[in-house]
Structure formats: structure tokens, C-alpha cells
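Please read all numbers here as calculations on a predicted model, not as lab measurements. FYI, side chains are in, hydrogens and waters are out, and symmetry mates aren't considered; it's all heavy atoms of this structure. Lettering of chains follows the sequences in order, A, B, ..., and the numbering in each one begins at 1.
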Amino acid sequence: MKYWLMKSEPSCFSIDDLKKVKISPWDGVRNFQARNFMRDEMQVGDLVFFYHSNAKPSAIVGLAKIASKPYPDATAFDPEDDHYDEKSDRDNPTWILVDVEYIKAFKEPLSLQDLKGYKELEGMELLKKGSRLSIQPVSKNHFEFIKSLSE
DNA sequence: GCCAACGTTGGC
DNA sequence: GCCAACGTTGGC
């Protein structure tokens with residue numbers, strides 16, 4: 001069992017959107033590091049913190065889980081899509097994703113600012129200066145600590 | 001809207 | 001393979 005944090009701008013796709021559809025492909029990722037986590041390391045059943053970036057405030061807002069094995073991101077082949085990538089080959093797709101399934105939204109979002117106040121979370125990728133990685137592993141200790149904060 | 005940090009691209 | 005230019009992310 002691994003633990004993850006996945007960022008999304010709520011104006012684009014929020015925890016409420018995921019709640020409505022229950023399960024959704026995590027499409028549009030165009031960063032190799034983030035892709036590699038989805039392609040190589042995620043397992044069905046892994047738990048995920050859903051994070052709202054560029055939000056007021058930016059915060060961890062809920063819990064989800066990985067719900068599929070990796071498969072190609074269809075939006076990369078759609079010229080009408082914002083995330084179209086003309087260099088991605090259907091026979092050898094560049095962009096790979098997994099499905100994410102809603103578990104719950106936290107009663108109170110855990111804001112980035114608040115999270116920075118806990119010494120227990122020192123070293124967490126999300127809290128590092130200049131951290132932009134949109135999909136990142138979370139250690140078991142950090143995951144359980146944050147989950148306990150949400151309860 | 002600003003800007004720091006970081007990733008990607010392309011000339012050489 | 002270096003690195004300048006450019007684009008994107010994301011906090012503030």
C-alpha cells in the first residue's frame with residue numbers, strides 16, 4: 001500500500017466534481033515525473049489525498065483511492081482538448097493515467113498554511129519551497145498524521 | 001497580477 | 001551537451 005497526493009485546480013476539477021462522478025480518469029498530466037508515478041508505482045487501492053491548488057485557500061480537501069491500472073490518456077490524442085499532444089503516438093502513448101475514485105471530502109479543508117505549522121510534517125514534498133510536482137508520494141507517517149488531523 | 005522555481009525546447 | 005529563452009505551476 002502506497003500513499004499519494006494529487007493536485008487539481010478546483011476551477012478545473014474539484015473534489016465536488018469527483019464526488020459527483022465517483023470515479024474519473026486523472027487526465028491532463030503532462031509532466032514526466034508525475035506520469036511515472038501513475039505508470040510505474042501506483043496500485044489499485046492506494047490512498048490519495050486530493051489537493052486543491054490555486055485555491056482559496058490551497059488545501060488538502062479529501063480522500064480518494066486509485067481505482068485502475070495505468071492506461072493511455074485519451075486527451076493527448078484529441079486536437080480539440082487543451083492537453084492535446086501532437087507528439088504522442090497512439091501506438092506508443094507518451095501520457096499514461098490511472099482512474100481515481102472518491103472516498104470522502106473532509107469536513108474542514110487542511111490548508112497549506114496550517115499544514116506548514118506541524119513539525120510532524122517536516123520534509124513533506126508539498127511543503128517544500130518551490131514544490132510544483134502535481135502527483136507526489138506521501139510517507140505512511142505523514143499520511144496517517146494528516147488523516148488524523150482530518151478526523 | 002506578480003514572480004520564484006522549475007521543466008522543456010532548440011540553437012550552437 | 002551546454003545553456004539561454006521561453007512556458008508553466010502555483011503560492012501569495
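- Ring centroid separation for the pair A:W95 and A:F32 comes in under the 6.0 Å cut-off.
- Ranked by how close their nearest DNA chain B nucleotide is to the 5' end, A:K87 and A:S131 are led by A:S131.
- Atom NZ of A:K7 and atom C1' of C:dG11 are 10 Å apart (whole Å).
- Put simply, the side chain of A:V29 does not reach to within 4.5 Å of the side chain of A:K7, judged on heavy atoms.
- If you measure from atom CD1 of A:I135 to atom P of B:dC6, you get 19 Å, rounded to the nearest angstrom.
- For A:E9 and C:dT9, the CD to P distance is 7 Å, given to the nearest whole Å.
- Heavy-atom neighbours of A:E125 CD from other residues, nucleotides or ligands within 6.0 Å: above the threshold of 12.
- As a whole-Å value, the separation of A:D85 CG from C:dT8 P is 13 Å.
- In this structure, CE of A:M6 is placed 13 Å from P of C:dG10, rounded to the nearest angstrom.
- For the OP1/OP2 pair of C:dG10 and a distance below 4.0 Å, the side-chain nitrogens and oxygens of A:S58 include no atom meeting the criterion.
- Ranking B:dA4, C:dG11, C:dG10 by closeness to the A:K116 side chain, first place goes to C:dG11.
- Atom-to-atom, CG of A:D82 to P of C:dG7 comes out at 17 Å; the value is rounded to the nearest Å.
- The distance from atom CH2 of A:W95 to atom P of B:dG7 is 13 Å, rounded to the nearest whole Å.
- The shortest distance between the side-chain N/O atoms of A:Y51 and the OP1/OP2 oxygens of C:dT9 is not below 4.0 Å.
- A perpendicular orientation is assigned to the rings of A:F145 and A:Y118, their planes being inclined by more than 60° (bins at 30° and 60°).
- A:R30 contributes no side-chain N or O that forms a donor-acceptor pair with the base of C:dT8 under 3.5 Å.
- The CZ atom of A:R132 sits 12 Å away from the C1' atom of B:dC3 (whole-angstrom rounding).
- Ranked by how close their nearest DNA chain B nucleotide is to the 5' end, A:N54 and A:K129 are led by A:N54.
- Annotation: A:F143 is in aromatic contact with A:F49 [ring centroid separation under 6.0 Å].
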